[in-house]
**Q** 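Dumping the structure here so I can ask a few things about it.
Protein chains get the first letters and strands the later ones, always in sequence-line order, with residue 1 at the start of each. What you see below is based on every heavy atom in this structure, not just the backbone, and it leaves out hydrogens, waters and symmetry mates.
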Amino acid sequence: MSEPKNLDAKAPGGPIAHRWDKHRFDMKLVNPANRRRYTVIVVGSGLAGGAAAATLGEQGYNVQCFCYQDSPRRAHSIAAQGGINAAKNYRNDGDSIHRLFYDTVKGGDFRARESNVYRLAQVSTNIIDQCVAQGVPFAREYSGYLDNRSFGGAQVSRTFYARGQTGQQLLLGAYQALARQIAAGTVAMHARSEMLDVVVVDGRARGIITRDMVTGKIERHVADAVVLATGGYGNLFYLSTNAKGCNTTAIWRAHRKGAFFANPCYTQIHPTCIPVTGEHQSKLTLMSESLRNDGRIWVPKKKGDTRSPQQIPEAERDYYLEVRYPSFGNLVPRDVASRNAKQVCDQGRGVGPGGLGVYLDFADSIKRLGKAKIAERYGNLFDMYAQITGENPYELPMRIYPAIHYTMGGLWVDYNLMSTIPGLFVAGEANFSDHGANRLGASALMQGLGDGYFVLPATVPNYLAGIKPGDLTIEHAAFGQAETEVVGRVKRLLGNIGGTRTVDSFHRELGKLLWDECGMGRNDAGLRRAIARIPTLREEFWKGVRVPGEGSDFNQELEKAGRVADFLELGELLCRDALHRAESCGGHFREESQTEDGEAQRDDEQFSYVAAWQYTGDLAKPALNKEPLTFEYVKPSQRSYK
Amino acid sequence: MKLTLKVWRQKNSKAVGEFKTYQADHVSPDMSFLEMLDIVNQDLIMKGQEPIAFDHDCREGICGMCSLMINGVGHGPKTAITTCQLHMRSFSDGETVTIEPWRALPFPIIKDLVTDRSSFDRIIQAGGFISASTGAAPDGNSIPIAKPDAEQSMDAAACIGCGACVAACPNGSAMLFTAAKLAHLSFLPQGKIERHQRVLNMITVHDAEGFGNCTNMGECSAVCPKGISLDTIARLNRDLVMAALKGLEPTVGIPVEG
């Protein structure tokens with residue numbers, strides 16, 4: 001490995017509460033009359049990308065927006081159920097910008113950058129105002145004022161919500177703002193377009209290469225700056241709560257062109273998903289975390305107990321979270337709940353087919369509150385569960401198991417959300433910036449919209465003000481070279497006429513390997529096994545994958561193949577990052593690093609930094625760069641939920 | 001379970017399509033409908049044939065990407081769910097299942113079961129928004145909204161834009177889709193300001209895209225996975241009359257692309 005370099009986040013100094021204000025004043029502006037001469041490419045149309053494209057369009061820039069779905073309204077932000085946090089303190093229960101900042105840094109297990117998190121807490125209040133103005137139908141009280149609920153174990157009620165469809169409503173708000181700009185001619189939308197490479201000219205991001213997913217045409221697009229808002233890489237594990245199309249290609253291609261990849265091993269596992277039913281399983285469905293407010297989690301005390309749950313008497317049940325964490329009980333944070341479920345299943349006490357499940361039991365709540373009350377609170381979730389499993393959760397306890405849900409890691413960005421490639425900005429789940437090693441519930445929507453509506457529309461113009469607009473065309477040699485590479489890759493993927501395995505079969509194998517060796521628990525030996533296996537799997541893929549059809553056609557297998565090829569590279573980096581970080585923190589649990597009673601043990605002396613990996617041309621030898629983390633306002637402490 | 005599938009296959013928008021028959025053996029009742037198609041596709045690929053193209057993404061009933069007429073019904077036999085939420089236990093062993101794409105003029109077929117629904121986006125672009133630029137918003141609580149209004153707005157806003165309403169309608173009308181967006185916005189004080197111009201503009205583009213008119217058949221609402229009510233269309237019609245009484249003219253151009 002090359003000598004580690006320390007990265008500069010370019011975060012402003014001074015009192016943390018004034019940093020963003022001061023920075024906004026210090027940044028350069030572009031004259032309104034000149035803005036249309038600058039072109040900004042935005043890849044992804046979810047909360048971060050959709051909001052950024054709409055807002056930059058409103059400001060008068062010439063925006064080109066891309067998404068792989070058939071409409072920008074379908075980005076996976078739409079699936080977020082629970083809510084969005086904001087430090088409004090409408091409940092007068094002690095919330096403040098500083099408290100949201102504090103909770104987020106602590107919840108992230110002290111692996112996030114303080115300046116960014118503080119800014120996020122600051123803009124959180126503006127997000128709610130903006131969304132209300134756009135017509136997002138948030139839940140209301142009878143007074144007509146906005147309703148709030150507490151979420152994810154937070155001690156204050158700061159979560160705004162629109163039934164169980166908050167992500168959908170926020171995304172539709174951004175989508176409609178985007179539609180308005182498309183109509184106004186400031187944004188050109190390219191749906192069913194997949195970015196396959198970023199074009200770097202003289203060290204700056206100047207465009208992208210895309211594939212039109214309907215015609216198969218490979219296209220060049222030039223710009224003065226490029227924003228990637230392409231979401232997380234949870235589908236690396238094949239089974240996750242992500243949409244089937246979610247992928248890493250945009251950020252991975254950018255990584256190969258020079259953007260550092262930060263903390264890939266920080267993945268979040270959500271404790272309450274519906275368990276796998278068999279080999280055919282294509283994705284996992286999340287059941288809102290709010291269920292843990294009234295459901296009790298348990299497994300049989302005895303190993304291999306196959307009796308039906310109703311036949312297991314109270315004395316033979318282990319309510320393990322209530323026993324182990326008396327003060328938080330079933331409401332411990334996501335990482336703790338997930339790890340404990342794995343432990344009891346590893347002990348052979350899991351329930352349901354394959355023994356990979358635990359009970360989430362509402363019998364006590366139904367007895368106490370009545371079935372009607374439970375139906376009012378969770379009716380839609382119970383229906384969803386019954387639809388998928390064929391079991392009635394009012395009578396039988398639900399079976400749940402953890403699943404990959406979110407990735408805190410992503411491309412490294414500075415305070416301006418710019419990657420290590422000048423002119424390449426990264427927003428939302430695609431960057432690494434705000435959640436440290438563990439994200440709190442209802443904070444993903446906040447970050448996506450914060451980046452899109454408020455941060456990028458200030459920092460992208462600052463970058464543009466320093467460069468001359470539109471001095472390049474797609475005829476530049478760098479575009480030709482990038483296009484040639486993309487075309488060659490497509491050809492190679494289609495080339496194995498006699499291939500013996502499908503794309504899905506490789507993806508499943510990679511996913512299972514990562515889930516086993518780099519999932520909820522990770523150890524040195526397992527990670528080394530994965531690191532040894534992935535390169536050979538990659539080789540087998542390129543030699544043996546069968547991709548039918550043509551490149552110049554609508555070809556879903558080809559789309560999947562390109563994405564899995566990139567997952568096969570990122571998977572190795574993820575394991576290498578997990579191996580090097582010989583501490584436990586947040587979602588990254590190294591079995592060697594735990595406290596006496598089995599809780600995650602951080603090692604601040606050695607690992608209080610962001611690991612930003614640099615592509616060297618050799619996947620086996622990525623270079624580690626570090627951004628040291630210093631905590632001026634929130635003193636690192638051991639998280640405890642006992 | 002074993003099923004016989006009759007699936008619409010069509011190479012591209014210009015090609016002539018046809019039904020082809022496939023056997024789906026080893027179907028588990030725990031599979032979702034799309035997982036059943038995944039398995040059929042894996043077999044087709046290994047047999048050297050092209051897999052069946054179909055749209056899907058979130059597979060949890062919210063993105064609106066999946067579609068499919070299943071035995072002639074949008075999103076299949078169960079009510080208030082999308083195709084991706086439909087499980088094979090809703091079918092019986094030995095059954096023959098017919099699978100078609102949405103059939104409507106403004107939804108041209110791209111390939112097999114995949115259609116182009118960008119006409120929906122163009123209806124929204126005509127006015128399905130509140131013109132509130134980022135940064136101009138007052139405090140969220142400065143606009144109190146009566147709870148029943150917020151609830152009715154949310155009922156309409158639940159639309160996922162899948163297009164089942166159009167496919168089910170004998171007239172190929174997108175009135176339920178359009179009306180849902182109008183109701184979402186017009187129940188809110190913020191959305192009332194542009195209310196009448198909005199309905200006029202959206203309906204102008206709706207018609208120009210080739211969607212038919214509403215004759216109150218109610219097929220749309222019956223297949224809607226989110227249960228959007230026919231009442232929204234009555235509300236649309238009232239607003240359209242108000243726009244005419246005010247003497248408003250559409251302010252959108254007619255899109256060239258159809």
Side-chain angles (χ1 to χ4, degrees), chain A residues 54-55 58 69-71 73-74 76 78-79 88 90 126 128-130 132-135 137-146 162-163 165 168-169 172 176-177 179-180 182-183 191 214 243-245 277-278 280-283 285 384 387-388 390 453 457 502 504 546 548-549 553-554 556-557, chain B residues 12 28-31 34-35 38-39 42 45-46 48-51 53 55-60 62-65 81 85 87 89 110-111 114 117-118 120-121 124-126 128-134 136-141 143-147 150 153-154 157-158 161 184-185 188 190-191:
Chain A
T55 306
E58 287 164 7
Q69 298 89 348
D70 72 332
S71 163
R73 69 178 292 149
R74 309 210 196 279
H76 195 56
I78 206 159
K88 281 285 196 186
Y90 281 159
N126 305 101
I128 300 304
D129 300 342
Q130 181 58 30
V132 169
Q134 288 172 341
F138 283 121
R140 300 267 164 177
E141 298 174 327
Y142 277 100
S143 59
Y145 292 124
L146 290 156
R163 294 191 191 151
Q165 292 128 280
Q168 179 198 26
Q169 294 309 315
L172 292 180
Q176 288 163 201
R180 176 169 165 248
I182 294 168
V214 176
K244 289 297 285 176
T277 56
H280 56 261
Q281 192 91 25
S282 63
K283 82 152 268 159
T285 302
M384 190 159 94
Q387 181 59 41
I388 293 175
Y453 283 133
T502 62
D504 282 6
R546 178 184 286 195
D553 193 7
F554 186 87
Q556 291 172 313
E557 285 297 307
Chain B
N12 54 48
S28 148
D30 289 331
M31 284 177 183
L34 298 184
E35 284 167 349
D38 288 343
I39 304 291
Q42 296 295 301
I45 295 165
M46 290 324 292
Q49 298 175 34
E50 270 211 59
D55 263 333
H56 63 97
D57 203 25
C58 79
R59 295 202 177 191
E60 49 186 285
I62 194 74
C63 76
M65 191 104 173
I81 56 167
Q85 294 172 296
H87 278 66
R89 67 179 71 89
I110 291 174
K111 185 173 184 173
V114 176
R117 289 168 286 189
S118 56
F120 268 14
D121 289 318
I124 299 297
Q125 285 156 23
F129 46 77
I130 290 170
S131 305
S133 295
T134 311
D139 183 86
N141 260 350
I143 316 170
I145 300 170
K147 190 174 169 72
S153 172
M154 181 63 215
H184 158 208
L185 298 175
L188 304 171
Q190 311 88 298

**Q** Measure the NE2-CG distance between B:His184 and A:Leu172 for me, rounded to the nearest 0.5 Å.
**A**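 CG of A:Leu172 is found 7.5 Å from NE2 of B:His184.
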
**Q** Let's test your reading of the structure: which of A:Asp553, A:Thr55, A:Ile388 forms the most heavy-atom pairs below 4.5 Å with chain B?
**A**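 Most pairs with chain B among the choices: A:Ile388.
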
**Q** Only pairs of heavy atoms separated by less than 4.5 Å count here; which of B:Met154, B:Gln190, B:Glu50 has the most with chain A?
**A**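 The residue among B:Met154, B:Gln190, B:Glu50 with the greatest pair count is B:Met154.
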
**Q** Under a 4.5 Å heavy-atom cut-off, does chain B meet the side chain of A:Ile182, its backbone, both or neither?
**A**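 For A:Ile182, the side chain is the part near chain B, not the backbone.
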
**Q** Could you report the tightest heavy-atom contact between B:Gly161 and A:Arg73, atom names first, then the distance?
**A**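 Heavy atoms only, the tightest pair is N-NH2, 3.5 Å.
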
**Q** At what distance, to the nearest 0.5 angstrom, does CZ of A:Phe138 lie from OG of B:Ser153?
**A**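 It is 12.0 Å, given to the nearest 0.5 Å.
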
**Q** Which heavy atom of B:Ala150 sits nearest to which heavy atom of A:Arg140, and what is that distance?
**A**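 Distance-wise, the nearest heavy atoms are CB-CG, 3.5 Å.
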
**Q** Between A:Ser143, A:Ala133, A:Gly278, A:Ala54, which residue shows the highest count of heavy-atom pairs closer than 4.5 Å to chain B?
**A**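 Ranked by heavy-atom pairs under 4.5 Å with chain B, first place is A:Ala133.
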
**Q** Shortest non-hydrogen contact from A:Tyr90 to B:Asn141?
**A**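 Taking A:Tyr90 first and B:Asn141 second, the nearest heavy atoms are OH-N, 3.3 Å.
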
**Q** Taking side chain as everything from C-beta outward and backbone as N, CA, C, O, which of these in B:Ile145 sits under 4.5 Å from a heavy atom of chain A? Side chain, backbone, both or neither.
**A**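 B:Ile145 touches chain A through backbone and side-chain heavy atoms alike.
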
**Q** Could you give the distance from NE2 (A:His280) to CG (B:Asp30), rounded to the nearest 0.5 Å?
**A**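 A:His280 atom NE2 to B:Asp30 atom CG measures 5.5 Å (nearest 0.5 Å).
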
**Q** Show your working on side chain to side chain contact (heavy atoms under 4.5 Å, CB included) between A:Thr285 and B:Gln85 and close with a plain yes or no.
**A** CA-CA 10 Å; A:Thr285 302; B:Gln85 294 172 296; over 6 Å; no

**Q** For B:Met46, is there any backbone N or O sitting under 3.5 Å from a side-chain donor or acceptor partner on A:Arg546?
**A**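 Judged by distance alone, yes, a pair lies under 3.5 Å.
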
**Q** If you compare all heavy atoms of A:Asp129 against all heavy atoms of B:Ala137, which two are closest, and at what distance to 0.1 Å?
**A**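 Nearest pair, atom of A:Asp129 first, then B:Ala137: O-CB, 3.3 Å.
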
**Q** Output the distance between atom NZ (B:Lys147) and atom CD (A:Glu141), rounded to the nearest 0.5 Å.
**A**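 One gets 8.0 Å once the value is rounded to the nearest 0.5 Å.
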
**Q** Any sub-3.5 Å donor-acceptor pair from B:Asp57's side-chain atoms to A:Ala243's backbone N or O?
**A**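 Judged by distance alone, no pair lies under 3.5 Å.
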
**Q** Go through the atoms of A:Ala191 and report whether side chain, backbone, both or neither lie under 4.5 Å from a heavy atom of chain B.
**A**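 For A:Ala191, there is no contact with chain B at all, as no heavy atom is under 4.5 Å.
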
**Q** Out of A:Ala183, A:Pro457, A:Pro548, return the one with the most heavy atom pairs under 4.5 angstrom to chain B.
**A**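 The option with the most such pairs is A:Pro548.
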
**Q** Just by modelled atom types, is the B:Met65 backbone N or O under 3.5 Å from a matching donor or acceptor in the A:Gln69 side chain?
**A**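 Between the backbone of B:Met65 and the side chain of A:Gln69 there is no qualifying donor-acceptor contact (under 3.5 Å).
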
**Q** If you tally heavy-atom pairs under 4.5 Å against chain A, which of B:Ala157, B:Gly48, B:Ala146 wins?
**A**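 Among B:Ala157, B:Gly48, B:Ala146, the one with the most close pairs to chain A is B:Ala157.
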
**Q** Under a 4.5 Å heavy-atom cutoff, which of B:Ser133, B:Cys63, B:Ala132 has the most pairs with chain A?
**A**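 Winner by heavy-atom pair count: B:Ser133.
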
**Q** With a 4.5 angstrom heavy-atom cut-off, which part of B:Ser28 approaches chain A: side chain, backbone, both or neither?
**A**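 Side chain only.
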
**Q** Apply side chain to side chain contact (heavy atoms under 4.5 Å, CB included) to the pair A:Gln176 and B:Ile130, showing each step before the final yes or no.
**A** CA-CA 8 Å; A:Gln176 288 163 201; B:Ile130 290 170; over 6 Å; no

**Q** Which atoms of B:Arg59 come close to chain A, meaning under 4.5 Å heavy atom to heavy atom: side chain ones, backbone ones, both, or neither?
**A**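 Backbone plus side chain of B:Arg59, per the 4.5 Å heavy-atom cut-off to chain A.
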
**Q** Between the main-chain N or O of B:Thr134 and the side-chain N or O of A:Gln134, is there a donor-acceptor pair closer than 3.5 Å?
**A**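 Absent.
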
**Q** Heavy-atom pairs under 4.5 Å with chain A are the metric here; pick the option from B:Gly191, B:Pro29, B:Ala136, B:Gly128 that has the most.
**A**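 Result: the option with the highest number of such pairs is B:Gly128.
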
**Q** Which one of B:Arg89, B:Gln49, B:Lys111 has the most heavy-atom pairs closer than 4.5 Å to chain A?
**A**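 Maximum pair count with chain A is reached by B:Arg89.
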
**Q** Is chain A contacted by the side chain of B:Ala126, its backbone, both, or neither, given a heavy-atom distance below 4.5 Å?
**A**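 For B:Ala126, there is no contact with chain A at all, as no heavy atom is under 4.5 Å.
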
**Q** Quick one: what part of B:Ile110 sits under 4.5 Å from any heavy atom of chain A, side chain, backbone, both or neither?
**A**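 It is the side chain, since no backbone atom gets that close.
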
**Q** Quick check on the interface: out of A:Gln556, A:Lys244, A:Arg180, A:Glu58, who has the most heavy-atom pairs with chain B under 4.5 Å?
**A**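 Greatest number of close heavy-atom pairs with chain B: A:Arg180.
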
**Q** With a 4.5 angstrom heavy-atom cut-off, is it the side chain or the backbone of B:Asp38 that approaches chain A, or both, or neither?
**A**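 Answer is side chain: those atoms of B:Asp38 sit under 4.5 Å from chain A.
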
**Q** Over all heavy atoms of both residues, which pair between A:Ala179 and B:Gln125 is shortest? Give the atoms and the distance, please.
**A**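 Closest approach of A:Ala179 to B:Gln125: O-CG, 3.6 Å.
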
**Q** At a 4.5 Å cut-off on heavy atoms, which part of B:Ile81 comes close to chain A: side chain, backbone, both, or neither?
**A**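 Contact with chain A is through the side chain of B:Ile81 alone.
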
**Q** At a 4.5 Å cut-off on heavy atoms, which part of A:Asp70 comes close to chain B: side chain, backbone, both, or neither?
**A**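 Contact with chain B involves both backbone and side-chain atoms of A:Asp70.
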
**Q** Treating A:Arg74 as the side-chain partner and B:Gly64 as the backbone partner, does any N or O pair qualify as donor plus acceptor under 3.5 Å?
**A**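 Indeed, once roles are kept as given, a pair shorter than 3.5 Å links the two residues.
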
**Q** Against chain A, work out which of B:Asp121, B:Val114, B:Asp55 has the most heavy-atom pairs shorter than 4.5 Å and name it.
**A**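 Of B:Asp121, B:Val114, B:Asp55, B:Asp121 has the most heavy-atom pairs under 4.5 Å with chain A.
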
**Q** Chain A heavy atoms under 4.5 Å from B:Ile143: which part of the residue, side chain, backbone, both or neither?
**A**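 Its backbone and side chain both get close to chain A.
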
**Q** Check each atom of B:His87 against the heavy atoms of chain A and say whether the ones under 4.5 Å are side chain, backbone, both or neither.
**A**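 Both parts, heavy atoms under 4.5 Å.
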
**Q** Tell me, out of A:Leu146, A:Asn126, A:Ile128, who's got the most heavy-atom pairs with chain B below 4.5 Å.
**A**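 Among the listed options, the one with the most contacts to chain B is A:Leu146.
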
**Q** Could you measure the distance from the NE2 atom of A:His76 to the CD atom of B:Glu60? Nearest 0.5 Å is fine.
**A**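 Rounded to the nearest 0.5 Å, the NE2-CD separation comes out at 5.0 Å.
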
**Q** What are the two closest heavy atoms between B:Pro51 and A:Glu557, and how far apart are they?
**A**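 Looking at all heavy atoms of both residues, the shortest contact is CG-CG, 3.7 Å.
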
**Q** Select one option (side chain, backbone, both, neither) describing which atoms of B:Gln42 are under 4.5 Å from chain A's heavy atoms.
**A**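 Both parts, backbone and side chain.
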
